[in-house]
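The next block holds one structure in the form of C-alpha cells; read it before the comments.
Keep in mind it's a predicted model, so treat the numbers as computed, not measured.
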Amino acid sequence: MKIRTFGRHIKESLKSLGRNGWMTFASVSAVTVTLLLVGVFVMIMMNLNKVADDLENDVEIKVFVSLDADEEAIEQLEEEITDLAGVESADFSTKEEELTDLVLDFGEELSLFEQSNPLFDVFYVKAVEPQQTETVAKEIETLEYIENVEYGEGKIEKLFDFLNAGRNVGLILILSLLFTAMFLISNTIRITIVARRTEIEIMKLVGATNWFVRIPFILEGMWLGILGSILPIGLIVVLYQRVTEFAQPRLSGELFQLLEFSPFIYQVSALILAMGIFIGIWGSFMSIRKFLRV
Amino acid sequence: MIQMKNVYKKYPNGIVALNGLNVEIAQGEFVYIVGPSGAGKTTFIKMMYREERPSSGQMLIDGTDIAKLKSRKVPLLRRNIGVVFQDFKLLPRLNVYENVAFALEVIEEKPKAIKERVMEVLDMVGLKHKAKMFPRELSGGEQQRVSIARSIVNTPKVMIADEPTGNLDPETAWDIMNLFEQINSKGTTIIMATHNRDIVNKLRHRVIAIEGGLIVRDAAGGDYGYED
Ligand SMILES: Nc1ncnc2c1ncn2[C@@H]1O[C@H](COP(=O)(O)OP(=O)(O)OP(=O)(O)O)[C@@H](O)[C@H]1O
Ligand SMILES: [Mg+2]
C-alpha cells in the first residue's frame, strides 16, 4: 500500500475516534478494565507458579531408620535407596546429628535429651524429578529397617490445586470481560460504518478496493485497543516495581523468590498491548463482516 | 461491449424482476431504458455494475461474464463504469472539488494527476467557479452536474444513469441531457433509465422498453411509446 494512502486511512480513523466521542470513551474504558485485570491476573499467576516451582524443587523425603538396624544394615539400606530409580541423592544423618540440629533450632532446653536420645537415624532423599517424590517415597517404605517415611505430602498438591482453580476462575472472568470489550468496540465501529454509509457506497461505486474500504475501520478498532492498554501497562509497571521493592529484601535467603522485574514485566506489558490490539481488530472485524459487506 | 444472455433475476423475496433478457449494446451507443414503474429498469442497470447478480444467464462486458467475477475483481470493473443516480449521492461534508476528487483518491491516483483531471471535468460540467462550494449551496441541477463530473472523472468507457433527471425541473433536465450528449460524443457508452417522455421523444436514441421483466420493444431512434 502506498504511504500516502496509509496516511489517509490513519487520518480517517483518528477523525472517527473523535467523532464517536462517548462510544470511544466507553470502549476504551472497557478495554482498560479488561486488560488491567488480565495484567494483575497474569502477574499473580506467574508468580504463584514460580513459587510453586521453587518449593517443588525443594521437596525432600525424610526416611526414619528403624532402631533395630545396625551399622551394616544402614550401609546396605543406603545402597538400596540410592539404587532406586529416580533417586538423586540420599544423605545420612545420625540421630545425634539430628538432635544437634534440633537444639540449634529450638534451644538448649532440648539438650537434656542427650542422655537418652528419642530420635531416629535419618536419610534425606531427593528425587531427580519433583513429580517422582511420591513414587520414590512409596518404594522406600517397602524396604527393610524402615521406621517411617515423610515427605511434603499434600502441601504442593494443594498449591497446585489452588493455582488451577484460580486460573479457571480468572480465565472465565477475563473471557467475559474480553467479550464485553469486543462487543463495545464492534458497536463503536458499527456506528462509524452507519455514519459513513454514503461514503462507503460511493467508494465501492467508483472502484475502491475492498481493503481500502475496510482499513480505516480496522485501524479505528486498533486505536481503541491501543488506547485501552496504555493505563493498564502503566499501572502494572508501577505496581510490580513496588511489589518487588517490598518483597525482594524480605524474601532473600528464602526457598522461593518472586519473578525479577525485568524482563517479566516487559513481557506482561507486551502481552497486554497485543491483547488490546487483538480485541480492537477482532471487534471491528465483527462489525465489518456484518455491516460492510465488501 | 455489453451483452446480456437470458438474464433472469429473482430477488430473495421471490419477485422476478428480470425474466430472461437478451440484449447487446455496442461501444459508444446511447440507450434509453423505459418502462412503467416496477418493470425492472433499475434491476437491469444494477446488473451492469454488479450491484446485483443474475440468478441465471450471462452478463458479459467485453466478453467477461461479470456475474462470475470474484468480489476482489469487482472494484476494477467499476473503475470502467460511471454511475449517476436520481439523488446525486454527494458527500455533504466535502466541497465540489473534493467530491469529485474523492473518486480518484480512493482508487489511489497520484495527487498531481487528480488535481489536473478534477479541474478539467469541473470545467466541462461548467462548475469550475463553484469548486469550493458545498453541495447544500448548489441547485439540484448543479448537484447533478457534480455527480456526473465524479462519474466521468476516471474516464470510464460506460456511463450508467438511473433517472438522472427525475429530481430536476424540465429546463435543468435539458442542461443535463446536453452534458450527456457531449460525453457520448466523445465515445462513452450511455445507458439511461428514464420516465422523461419529453426527452426520449425529442432527443432520439435507441429505446429499450421493459415491462414485467421482459424486453417488449427495442428500437433505434424510437419514441417513449406507452402512456404513464
Ligand atoms: N432489492 C430488492 N429486493 C426485492 N425486490 C426488489 C428489489 N429491488 C427491486 N425489487 C422488485 O423488483 C421489481 C423491479 O424493480 P425495479 O426497481 O427494477 O423497477 P424499476 O423499473 O426501476 O421501477 P421504477 O421505475 O419505479 O424505478 C419490483 O417489483 C420491485 O419490487
Ligand atoms: Mg428504478
Ignoring hydrogens and angles, write down the donor-acceptor pairs under 3.5 Å from the side chains of residues 273-281 of chain A, residues two or more places apart or on other chains.
none

Nearest atoms (heavy-atom pairs only) where B/Val106 meets A/Met203: CG1-CG, 3.9 Å
Shortest non-hydrogen separation from B/Lys89 to A/Ile202 and the atoms involved: O-CD1, 2.8 Å
What is the distance from atom [atom1] of [X] to atom [atom2] of [Y], rounded to the nearest 0.5 Å?
X: A/Lys204; Y: B/Tyr49; atom1: NZ; atom2: OH; answer: 11.5 Å
X: B/Glu105; Y: A/Phe212; atom1: CD; atom2: CZ; answer: 8.0 Å
X: B/Arg78; Y: A/Thr209; atom1: CZ; atom2: OG1; answer: 12.5 Å
X: A/Thr5; Y: B/Ile107; atom1: OG1; atom2: CD1; answer: 11.0 Å

Side chain / backbone / both / neither for B/Arg50 at chain A, heavy atoms under 4.5 Å: neither
Ion pair A/Glu199/B/Arg93, N-O distance below 4.0 Å: yes
Residues, nucleotides or ligands: over 12 heavy atoms within 6.0 Å of A/Lys15 NZ: yes
OH (B/Tyr11) with more than 12 external heavy atoms under 6.0 Å: yes
side-chain hydrogen bond (donor to acceptor under 3.5 Å, both in side chains) against B/Asp123, all qualifying residues, sequence neighbours excluded: none
